[in-house]
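Working notes, structure below.
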2 protein chains.
Amino acid sequence: MPDRVSELHAELCKTLGSAIRIEILNALRGGEKTVGELSAALRVRQPNVSQHLAVLRQRGVVTTRKEGANIYYGVSNPKITQACELMKQVLVEQLKEGVELTRLTGPARR
Amino acid sequence: MPDRVSELHAELCKTLGSAIRIEILNALRGGEKTVGELSAALRVRQPNVSQHLAVLRQRGVVTTRKEGANIYYGVSNPKITQACELMKQVLVEQLKEGVELTRLTGPARR
DNA sequence: ACAGGATATTCGCATATACGCATCCACTTA
DNA sequence: TAAGTGGATGCGTATATGCGAATATCCTGT
C-alpha cells in the first residue's frame, strides 16, 4: 500500500506525463510567456492550453504573474526543468541503443 | 500539436506517475529485487505488481534478469533514479513553503 | 457603460488506467 | 511426470484524463 508521500510524488510526476505539458515546460525555458504566446507557439487551442496550465498550477509546477490583461506563466522551480532534462536524456539514450527490441520482445523469456 | 519526441518524452514521464511504481523504483535503489520481494515489501498483490512492472518494462525503465525460478528487476538507467530524486526534492520544497495556499486559492486573481 | 481581446471554466464524450480476481505459463524439485 | 512456486496475462469494472465546443470572467480602451 503506497504511502501519502509517494502519492504526492506520483502526482507531481504525472504532471509531466503529457506531451503538451512537456512542450509548455520546454517553451518556458526561455522565460515567462503568456497563454496566448504558448497557444500560438505550440499551435494548440487556447482553452486546451489553459486546461493544461491549470494542471501545472495545481501541482505548483508553474507560477503566474498578471500584467495588464495578460498572465505570464513561468516554471516555479528550476529543478523541475532539470528533472525533465534528465528524462529526455534517458529517452535519447534509449533511442540510441534501440530499445525497440526490448519493447517488442516483451518480458523476460524463460 | 505536439511532436513525436515530446510524446515519447511524456510517455516516459507518465511511467513515474503512479505511487506504486514510484515505490517500486525506490525499492530498487537498493539493488535488484524479485517480483515476490517487491510484492512483500510494498504490500501490494503480486498480479498488481506484475502489471506495474510490465509498464516499467515497456518504457525501458527497468531491466529483467532471470535466475532460476526468479526474475530480478533493476533500474535500467541511473538517470531515472536521479530524475525521480529531483522530483522528490521539488515536492519537499513545496511542502516546506506550504503550496497548499496556492493550490486552494486557484489561478491568478485579478 | 460597452466592445473586444485575453484567459478560465463547464460539459459531454471518447479513451486510457488501475485494480481484483481468476487463470495460465515457466521453472524446479521430487 | 506430477506438484508446487514464482510470475504473467485476460477480463470486467470503476475511475481518471484529454479534447472540442460553448460559455463565462476579467481587463483595457473608448
Side-chain angles (χ1 to χ4, degrees), chain A residues 1-2 6-7 10-24 28 32-59 62-74 102-110, chain B residues 1-2 6-7 10-24 28 32-59 62-74 102-110:
Chain A
M1 316 231 79
S6 297
E7 300 214 349
E11 260 190 63
L12 190 54
C13 289
K14 199 177 303 181
T15 302
L16 306 184
S18 147
I20 291 184
R21 290 198 289 271
I22 286 286
E23 299 206 348
I24 287 176
L28 294 182
E32 295 181 326
K33 284 201 170 42
T34 69
V35 179
E37 288 172 338
L38 289 171
S39 175
L42 310 187
R43 299 199 311 165
V44 172
R45 294 167 217 282
Q46 175 269 318
N48 198 359
V49 171
S50 268
Q51 287 173 35
H52 285 289
L53 287 173
V55 174
L56 293 167
R57 252 176 5 228
Q58 284 172 355
R59 309 294 196 241
V62 295
T63 57
T64 60
R65 181 175 63 83
K66 193 181 64 164
E67 184 174 314
N70 298 325
I71 298 185
Y72 284 85
Y73 278 84
T102 317
R103 287 179 74 133
L104 295 177
T105 48
R109 290 294 169 204
R110 320 207 180 186
Chain B
M1 315 229 78
S6 297
E7 299 214 349
E11 260 191 64
L12 191 53
C13 289
K14 200 178 300 182
T15 303
L16 306 184
S18 146
I20 291 184
R21 291 198 289 273
I22 286 285
E23 297 205 346
I24 287 177
L28 294 182
E32 296 181 326
K33 287 201 169 40
T34 68
V35 179
E37 289 171 337
L38 288 171
S39 175
L42 309 188
R43 301 198 310 165
V44 172
R45 292 166 217 284
Q46 175 270 318
N48 198 358
V49 171
S50 268
Q51 287 171 27
H52 284 289
L53 287 172
V55 173
L56 292 168
R57 251 176 7 228
Q58 284 172 353
R59 310 293 197 242
V62 296
T63 57
T64 60
R65 181 175 63 82
K66 192 182 64 165
E67 182 174 316
N70 298 325
I71 299 186
Y72 285 86
Y73 279 84
T102 317
R103 287 178 74 133
L104 297 177
T105 47
R109 291 294 169 203
R110 320 209 179 183

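In what follows, chains are A, B, ... by sequence order, proteins preceding strands, each numbered from 1.
Protein atom NZ of A/Lys66 is 7 Å distant from nucleotide atom P of D/dT28, rounded to whole Å. Atom-to-atom, CD1 of A/Ile20 to C1' of D/dG18 comes out at 8 Å; the value is rounded to the nearest Å. Atoms OH (B/Tyr72) and C1' (D/dA8) sit 18 Å apart, rounded to a whole Å. The CD1 atom of B/Ile22 sits 16 Å away from the C1' atom of C/dA18 (whole-angstrom rounding). Rounded to whole Å, atom P of D/dG7 lies 13 Å from atom NZ of B/Lys33.
Proximity note for A/Lys14 (side chain, C-beta onward) versus D/dG18, D/dT17, C/dA8: the nearest is D/dT17. Between D/dT17, D/dA8, C/dT28, one nucleotide has an atom nearer to the side chain of B/Val35 than all others, and that is D/dA8.
Taking every heavy atom of residues 44-54 of chain B and every atom of DNA chain D, pairs under 4.0 Å involve B/Gln46, B/Pro47, B/Ser50, B/Gln51, by number.
How far CG of B/Leu38 is from CD of B/Glu32: 11.0 Å, rounded to the nearest 0.5 Å.
Of the possible polar contacts, one joining the A/Ser39 side chain to the A/Val44 backbone as a donor-acceptor pair under 3.5 Å is found.
Here A/Lys14 pairs with nothing under the side-chain contact (heavy atoms from CB on, under 4.5 Å) rule; sequence neighbours left out.
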Counting only pairs under 3.5 Å, give me each side-chain donor-acceptor contact of residues 15-22 of chain B, with atom names and distances, residues two or more places apart or in other chains.
unit_1, atom_1, unit_2, atom_2, d
B/Thr15, OG1, B/Glu11, O, 3.1
B/Thr15, OG1, B/Leu12, O, 3.2
B/Ser18, OG, B/Ile20, N, 3.4
B/Ser18, OG, B/Arg21, N, 3.2
B/Arg21, NE, B/Thr15, O, 2.7
B/Arg21, NH1, B/His52, ND1, 3.0

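Dashed line: the shortest gap from a side-chain N or O of A/Asn70 to OP1 or OP2 of D/dC27 is not under 4.0 Å.
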